[in-house]
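Below: the structure, in structure tokens.
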Amino acid sequence: MFEVPDFVIFLGRFHPLLVHLPIGFLLFAFILEIYARWKKINEFDKAISFALLLGTLGAIAASVLGYMLSLSGGYSVEMLDQHFWFAVTTIVVSLVAWVLKQNILNLRFMNQSNVHVLLSVLVVICISVTGHLGGNLTHGSEYLLEYAPIGRPVKIVLQPVNDVNEAQLYGHLVEPILKEKCLSCHNESKLKGELSLKDSISIFTGGKHGNTIVAGNAATSELYKRVLLDPHDKKFMPPEGKPGLTDEEKEIVAFWINEGGADFSKKISEVESSEKQIEIASSFLGLDAKSIGDKLPNVAMVDKTLMLKLKDEGFVFRELVFESNLYDVVLPPSSATSEELLLKKIKMLSEVKSNVLWLSLEENFVSDEAVQILAEFEHIQKLAVQNNNISDKSIEYLSKNMAIKSLNLFKTNVSKKCIPYLIKMESLKRVYLWQTNFTKDEINTSNEEMPTVQFISGV
Amino acid sequence: MCNSHEHNKLKSNNKDLQQIERQIDRRHFLKNTSLGLGAMALGSLLGTEKLWANIKASTSDEDLLKVYNKNRLGLPHHLPKAKRIIYLFQSGGPSQLDLFDYKPKLSDMFGKELPESVIGGQRLTGMSGSQSTLPVAPSSFNFKQYGESRAWVSDVMPYLSEVVDDLCFVKSMQTDQINHTPAITFMQTGHQLPGRPAIGSWLSYGLGSDNENLPTFITLISKNGKGQPLNASLWGNGFLPTEHQGVQFRSGKDPVLYLSDPENYDGNDRRNMLDYLNHLNDLQNDSYGDPEIQARMAQYEMAFKMQTSVPEVTDISDEPEHIFELYGKDSRDPGTYAANCLMARKLLEKGVKFVQLYHQGWDQHIGCPWGVKNQSKNTDQANAALIKDLKQRGMFEDTLLIWGGEFGRTVYSQGQLTSDNYGRDHHPKAFTMFMAGAGIKPGFTYGETDDFSYNVVKDPVHVHDFHATLMHLFGIDHERLTFKHQGRRYRLTDVHGKVVNDLLT
């Protein structure tokens, strides 16, 4: 595809700025014309002619910029075409008006002011229509009358729900997905594939392929089929470059078409549903505590000077997801040479405690006191404190931490007395206990008693 | 810095060098003159972002990325599961039929002609394609199921059978290449011809280093390797900046030579020397902008750091007795597969991101039973030991472990088939690999082959898919890590590859 140079788009963006200039000139010419006609004077003729010339030239410039802007894409082709042709008409009409006003062609009937007035009126009509279409392109066709005192369509705003069963399958679950992922192309103005997903009527009208939604049968519904395709498939939706539906969202669409019969008002409680579907629905609505735990926490950026100070202390930071501000933090072994030094470092690190997702403090004089601070790190998922002189006391501190999934205690002084505290750590999945005071038997029995946590020993 | 001014300083009084200095290539000419020449400026008017590219690179954006250790390429794309990887490459093409892909029905077919319907018109190699008969050769080994996952493993890998519940077998691997060099190159770089970056180079380029004192990507090769040769393009950086190429450690007592200072030199002023050298190279870099200069600077720095870091990490004298026992007695003999596995663990512990092991000799065209047995004997214990060792240290959950060769072997015998001897030819259409560790489903077997282990009948995994999955585990969308070279963007999977989600936890 032909790629539009950025510079062209850069210029194009000046279109809205410039476009009001010719409007002003042309309106000014119109007002003078009317005024002169009313007062029956001829003194304004030169001014009118000049205003028409400036207006025409300005309109040409604005149109060129407008064309550049249109190259950036994203506009409804139909409306764009109308806007374009009305703009051209405006230029032509105002040019004719100027030519006649100047009487360049030296025509006789040109001395009749009626003709001039008529042309001025035409210019104003053209410019109004063009301007209106331009406004529609920028703000959408509903913008102008959105707050009009009469004739406003009634908007239904769904109240958020607290109970998943009360949620409307379409309104609360499916519609937000369509709005976010589909509507930008499939709406009344763009109508890609002749399909709009704006409301129930347009959804059931479907697109040019038909079978957009087959109630009760997602597998034959075009809409569902398309999102399931391989992303490289030509027919895959949303098309390349746009974010696709997540697995969760796909399940919800299938749920609505199959169990919900593609109904637009049914609540979840009114349709048959599996446990998994309810789970997905509640996590989608953010009503599920577990779903929040799996999502990455939103955290603020670390202060620049603080970050530099922490690096000076020897901490190595690696961002785990770009722009997430969540870090894998490693203090390389033997960076701290005493418990006091380590404690000082940890106190400093605790200023960014919510930014730490993984933390490794292997072989660094970590003490129980330091672990007490670490227990406050609310997002930490992996904590590696192996090869340090820490005891069961540490685990007691950690027991209130609900985020840790993996805890490495290899070569520490913990013993089976810490098990009750480990149990309290809700998210805990793996504990490494090789070369601790745990015996092999104790580890084996712990594994049997607590199947949710893996107690890992060594050879 | 002012280019021309600094440039003059460099003018050499050596005739040859002067000549080089006078040479200005097209790119250099355009770069240094486009700002001044009106015509050039007009020409680049429509691509202004390029015009300012050089200036932009040093603005505060870059500085900010540095402060926050944000990746300059916008990586990772998603939360990674793996932090490091060890790839145990079994060079030559291990026989899936004699190790993992158990085909009990074959015993009834002993010596019978392999049906044409199975071969499906495939063009065989020149080594067995001209044979008058292609007799089916069932494995001479016994297979048993192990662990809770009931995975099939033949008797030649007794140690591995203890850890099958940690492994994920992919029995439906497929490659495009039928001969060693193209197949290995394909496996390691995503293309059959040498010249593309290796997996490790992509990861190094994309994710950077976790320990600035050691290379990000290290290659270890078992000593006394027989069979098909390996070459440096397998761990080469291709078109990526040179500092991302794999650093090969020698297999033997001194993995890196010349680390110690020469006699009568105390090394005290080396830092000074390097600083001055860097200064000179900086000047050169400013006037020529050749990325190789930066790569060379990075490598001098790395070599300097390796003087202290390498002896530390390669010293296995402080490993306790039970660790040597775990890896087997070979682990005391530097350069063996077992010793390399142990060294690999130490390197991974120190923050090396990618350790690439190679073990040659899996090319059993003749004497397959004996060959497979012998190869297994040399590698089996260490494979299992590595898994156990990584696990007990808590590293297994973020280390990706890969075992596999470049292709599989045929069900029919190459050469004479006897009751206890047969050979097997190369077979690209189906072979077995196993993965384990970070983000990989433990105790899981994926994909199926037909009764002859000849064609994949369920869930094929192509080499490109394997690469895509590997990148995914490191938080990389394989379609978005690209490098522009010779006018187009390249990626490890080029225009192929799908993440095999079924393998992931």
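So you know, we letter chains A, B, ... as the sequences are listed, proteins then strands, and number each from 1.
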Notebook entry, point to check: Does B/Q392 use its side chain to pair, donor to acceptor, with the backbone of A/V459 at less than 3.5 Å?
Noted result: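 Between the backbone of A/V459 and the side chain of B/Q392 there is a qualifying donor-acceptor contact (under 3.5 Å).
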Next item on the list: Please check if the side chain of B/N69 supplies one atom and the backbone of A/E319 the other of a donor-acceptor pair under 3.5 Å.
Entry: no
Just verifying a value: how many Å separate [X] [atom1] and [Y] [atom2], rounded to the nearest 0.5 Å?
X      : Y      : atom1 : atom2 : answer
B/R393 : A/Y432 : CZ    : OH    : 13.0 Å
A/M301 : B/Y68  : CE    : OH    : 4.5 Å
B/D398 : A/D328 : CG    : CG    : 8.0 Å
A/S324 : B/L79  : OG    : CG    : 8.0 Å
A/S457 : B/K391 : OG    : NZ    : 10.0 Å

Using heavy-atom distances under 4.5 Å, tell me whether [X] contacts chain B through its side chain, its backbone, both, or neither.
X      : result
A/V431 : neither
A/L407 : neither
A/K382 : side chain
A/Y327 : side chain
A/N387 : neither
A/K304 : both
A/D247 : neither
A/F410 : side chain
A/L320 : both

Checklist line | Close side-chain approach of B/N71 to A/E323, heavy-atom, < 4.5 Å | finding: no
Check: Tell me, do A/L308 and B/V67 make a side-chain contact under 4.5 Å, heavy atoms counted?
Finding: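 Yes, at least one pair of side-chain atoms sits under 4.5 Å.
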Margin query: Looking only at heavy atoms and a cut-off of under 4.5 Å, which of B/G208, B/P76, B/G351 has the most pairs with chain A?
Written below: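 Most pairs with chain A among the choices: B/P76.
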Notebook entry, point to check: If you count heavy-atom pairs under 4.5 Å between each of B/A385, B/P80, B/G475 and chain A, which one has the most?
Noted result: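 Most pairs with chain A among the choices: B/P80.
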Next item on the list: Might you point out which heavy atoms bring A/V321 and B/H78 nearest each other, and give the distance in Å?
Entry: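 Reported closest heavy-atom pair: CG2-C, 3.6 Å.
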Please look at [X] and chain A and tell me whether the side chain, the backbone, both or neither of the residue comes under 4.5 angstrom of a heavy atom of that chain.
X      : value
B/K70  : both
B/E325 : neither
B/K350 : neither

Check: Is any side-chain N of the basic residue among A/K429 and B/E397 closer than 4.0 Å to the acidic one's carboxylate O?
Finding: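 Salt bridge: no.
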